[in-house]
Amino acid sequence: MAALQPVRGTHDLLPDAARVHRAVEDRAFDVARRFGFGEIVTPIFEFTEVFKRTLGDTSDIVTKEMYTFEDRGGESLTLRPEGTAAIVRAFISGGLAQSVPVKAFYRGPMFRYERPQKGRLRQFHQVGIEILGVEGPAADIEVITCGYHILEALGLGGTVTVELNTLGDLDSRAVYREALVAYLQGHKDKLSEDSLARLERNPMRILDSKDEGDRAVVADAPVLADHLNDASRDFFARVREGLAALNIPVEISPRLVRGLDYYTHTAFEFTTTQLGAQGTVLAGGRYDGLVKQMGGPPTPGVGWAAGVERLSMLLADPPPAPRPFAVIPAGAEAEALALTLTDRLRRAGHVVDLGYGGNMGKRMKRANKVGARAAIILGDEELAAGEATVRDLDSGEQARVPLDALEGALDRFR
RNA sequence: GCGGGUAUAGCUCAGUUGGUUAGAGCGCUUGGUUGUGGUCCAAGAGGUCGUCGGUUCAAAUCCGACUACUCGCCCCA
């Protein structure tokens, strides 16, 4: 039986769930398209190097969460654990540096070997956007605004908090990091085990530790904002002004940091309290060093990714299944007519269900089960008159309609 | 990777201090005749009680391991 279960941390999307999942993706893309983003589809696996080089050798994702394997040709490949690295790789290998700015939207499955929880799977799905080639804060503003509009389109405008911070440019970040490490070194005895490890690899992560002891230490730690140079400070101010002008409610979170190494300047996170520990629903930031780090021409970038499963769980108005019309023939002659009539109505754009057999009672039951809006009944009487009986399954009212006027008669049910 | 909880029909759950053929609701199938669903009534199908092992005369019930799910930590979308 174990073999017949989906692999741990993976999930089938049965029709009802799949409909919600697609709706989230489609609405996100609809909004992104209005902002001028075009879709980029990249392969689901890449050379392992693509992720190693971008995510940093010490990140958890690279060190213990990647699905890496050797193919038959001996190449080391990895199922993508996130989207940005692949988009940037495509940007470089596709020569898109010639046509910056590039505004890319992507969606699809990502893979991380993690311990599954609610809202955390081993194969999960993201939608994301990236703007490559824009240095100024206009891109940051647009990217955050787009994310906010998408959440609004999903009916989540009021339930999500937008947290914002700046990591400063590379100089500011380096200066701050030094100050922070110096401070933390002096309080080593009070730090948790996790944070001692972070002190080596990713000291800024200690800022958002949930450990009480850590929090006490962090409370008096040097603040990033005090270490920003003028350029970084100005950049952040302009981002905030832009968002304020667009009425996007933002909370400044001085301790918000990013797990991945390539982020600079703007960092943001859209969170909800409705999903427990997996409250982050959309997150991203600016990554000015990434393209160059991957071997492309120095190109600034900013973007975010959002978790489709998490958004699906929150979706305010899950889309209903479409309500079909049920064509119900009685008798062999009617059966033959039903086949062509159904085809005609489908070509006209209607959703039509044609049962595979059974008497009228069974077919009516089926019509009801599939949520049909109306039944189109074809029997001997109707055939003789060149008509069909159209029965409104909500009200129970029915009327005879000439066959060649059917399309028009069905329009009133839309 | 670490810690806690859970695991009974397709779904949501009962199952008393271990004791014969494991129950309910919903869903499903069939019927309540001949061309009309949703409501109602009746009958029926469906469970190696997550898996493996142990304790016992006897295990869904107690113990252990494993697996999955779940809630935290970690990480992150």
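Everything numeric here is computed off the predicted structure, so don't read it as measured data. Note on naming: letters A, B, ... go to the chains in the order of the sequence lines (proteins, then strands), and numbering restarts at 1 for each one.
As a whole-Å value, the separation of Glu65(A) CD from A77(B) C1' is 12 Å. At whole-Å resolution of the value, CG in Asn359(A) and P in U36(B) are 9 Å apart. G1(B) atom C1' lies 10 Å from atom CG of Asp194(A), rounded to whole Å. Separating the CZ atom of Arg120(A) from the C1' atom of G72(B) is a distance of 10 Å, rounded to the nearest angstrom. Between the C1' atom of C75(B) and the CE atom of Met66(A) lies a distance of 15 Å, rounded to the nearest Å. Between the CD atom of Gln398(A) and the P atom of U36(B) there is a distance of 10 Å, rounded to whole Å. Atom CZ of Arg122(A) is separated from atom P of C75(B) by 18 Å (rounded to the nearest Å). Spacing between atom CZ of Phe105(A) and atom C1' of A77(B) amounts to 14 Å, rounded to whole angstrom units.
If you check the side chains of Asn165(A) and Ser253(A), you find no donor sitting under 3.5 Å from an acceptor. Side-chain atoms of Thr271(A) and Thr280(A) form no donor-acceptor pair, as typed in the model, at a separation below 3.5 Å. Side-chain atoms of His11(A) and Gln123(A) include no donor-acceptor pair closer than 3.5 Å.
Among the protein residues, Ala367(A) comes within range of no part of the nucleic acid, since none of its heavy atoms lies under 4.0 Å from any strand. Residue contacts for Ile377(A): at a heavy-atom cut-off of 4.0 Å it reaches a base atom on one of the strands shown. No engagement by Gly284(A) is indicated, since no non-hydrogen atom pair under 4.0 Å with the nucleic acid exists. Heavy atoms of Glu269(A) sit nowhere under 4.0 angstrom from any nucleic acid atom. Asp211(A) comes within 4.0 angstrom of nothing in the nucleic acid, heavy atoms only. Leu378(A) comes within 4.0 angstrom of nothing in the nucleic acid, heavy atoms only. Among the atoms of the strands shown, only primed sugar atoms or phosphate atoms (P, OP1, OP2) are found under 4.0 Å from some heavy atom of Gly9(A). Residue contacts shown for Glu309(A) are absent, as no nucleic acid heavy atom lies under 4.0 Å away. Using a 4.0 Å heavy-atom cutoff across all strands shown, Ala305(A) reaches sugar-phosphate atoms only and no base atom.
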Report, one line per pair, each donor and acceptor closer than 3.5 Å where one atom sits in a side chain of residues 84-94 of chain A; sequence neighbours left out.
residue  : atom : partner   : partner atom : Å
Thr84(A) : OG1  : Glu130(A) : OE2          : 2.8
Arg89(A) : NE   : Ser93(A)  : OG           : 3.3
Arg89(A) : NH1  : Glu46(A)  : OE1          : 2.9
Arg89(A) : NH1  : Glu46(A)  : OE2          : 2.6
Arg89(A) : NH2  : Ser93(A)  : OG           : 3.3
Ser93(A) : OG   : Arg89(A)  : O            : 2.7

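The pairing partner recorded for C73(B) is G1(B), the criterion being a Watson-Crick or G-U wobble arrangement whose two distances lie under 3.5 angstrom. Here U39(B) sits opposite no nucleotide as a Watson-Crick or G-U wobble pair (both hydrogen-bonding atom distances under 3.5 Å). G44(B) is paired with C28(B) under the Watson-Crick or G-U wobble criterion, all donor-acceptor distances under 3.5 Å. C62(B): Watson-Crick or G-U partner is G54(B), with both key distances under 3.5 Å. When both distances must be under 3.5 Å, the Watson-Crick or G-U wobble mate of U34(B) does not exist. A 3.5 Å limit on both hydrogen-bonding distances identifies no Watson-Crick or G-U partner for C49(B). Pair assignment for A7(B) gives U67(B), based on Watson-Crick or G-U wobble hydrogen-bonding distances that are each under 3.5 Å.
The base of G35(B) is not paired with the side chain of Arg363(A) by any donor and acceptor separated by under 3.5 Å. Between the side chain of Arg198(A) and the base of C74(B), no donor-acceptor pair under 3.5 Å is found.
Taking the six-membered ring for Trp and thresholds of 30 and 60 degrees, Phe325(A) and Phe413(A) have ring planes more than 60 degrees apart, a perpendicular arrangement.
Each of Arg8(A) and Arg112(A) was assigned the nucleotide of RNA chain B with the nearest heavy atom; the assignment lying further toward the 5' end belongs to Arg8(A). Nearer to the 5' terminus of RNA chain B, by closest-nucleotide assignment, is the contact made by Ser209(A) (compared with the other of Gly307(A) and Ser209(A)).
Looking only at distances, no side-chain donor or acceptor of Arg112(A) sits under 3.5 Å from a matching main-chain atom of Phe124(A). Asp392(A) places no side-chain N or O within 3.5 Å of a backbone atom of Gly396(A) that could act as its donor or acceptor partner.
Taking the P atoms as reference points, C63(B) lies 15 Å from U17(B), given to the whole Å. Comparing the C1' positions of A43(B) and G5(B) gives a spacing of 41 Å, expressed to the nearest Å. Atom name C1', nucleotides G4(B) and U16(B): the rounded distance is 28 Å, in whole Å. Using C1' as the reference atom, U21(B) and U48(B) are 16 Å apart when rounded to the nearest Å. Taking atom P on both nucleotides, G50(B) is separated from G15(B) by 15 Å, rounded to a whole Å.
Both tests do not hold together for Arg33(A) against Phe35(A): distance to the six-membered ring centre under 6.0 Å, angle to the ring axis within 45°. Taking the ring axis of Tyr113(A) as reference, the NZ or CZ atom of Arg122(A) stays within 45° of it and closer than 6.0 Å to the ring centre.
Comparing G1(B), G31(B), C75(B) by their closest approach to the side chain of Tyr113(A) singles out G1(B).
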Under 3.5 Å, N/O pairs linking protein and nucleotides 37-40 of chain B:
residue : atom : partner   : partner atom : Å
G37(B)  : N7   : Arg391(A) : NH2          : 3.2
G37(B)  : O6   : Arg391(A) : NE           : 3.4
G37(B)  : O6   : Arg391(A) : NH2          : 2.8
G37(B)  : N1   : Leu393(A) : O            : 2.6
G37(B)  : N2   : Asn368(A) : OD1          : 2.9
G37(B)  : N2   : Leu393(A) : O            : 2.6
G37(B)  : N3   : Asn368(A) : OD1          : 3.3
G38(B)  : O4'  : Asn368(A) : ND2          : 3.1
G38(B)  : N2   : Leu393(A) : O            : 3.4
G38(B)  : N2   : Asp394(A) : O            : 3.0

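Listed by chain and residue number, Asp343(A) satisfy the salt bridge (charged side-chain N to carboxylate O under 4.0 Å, His left out) test with Arg347(A) (two or more places apart in sequence, or in another chain).
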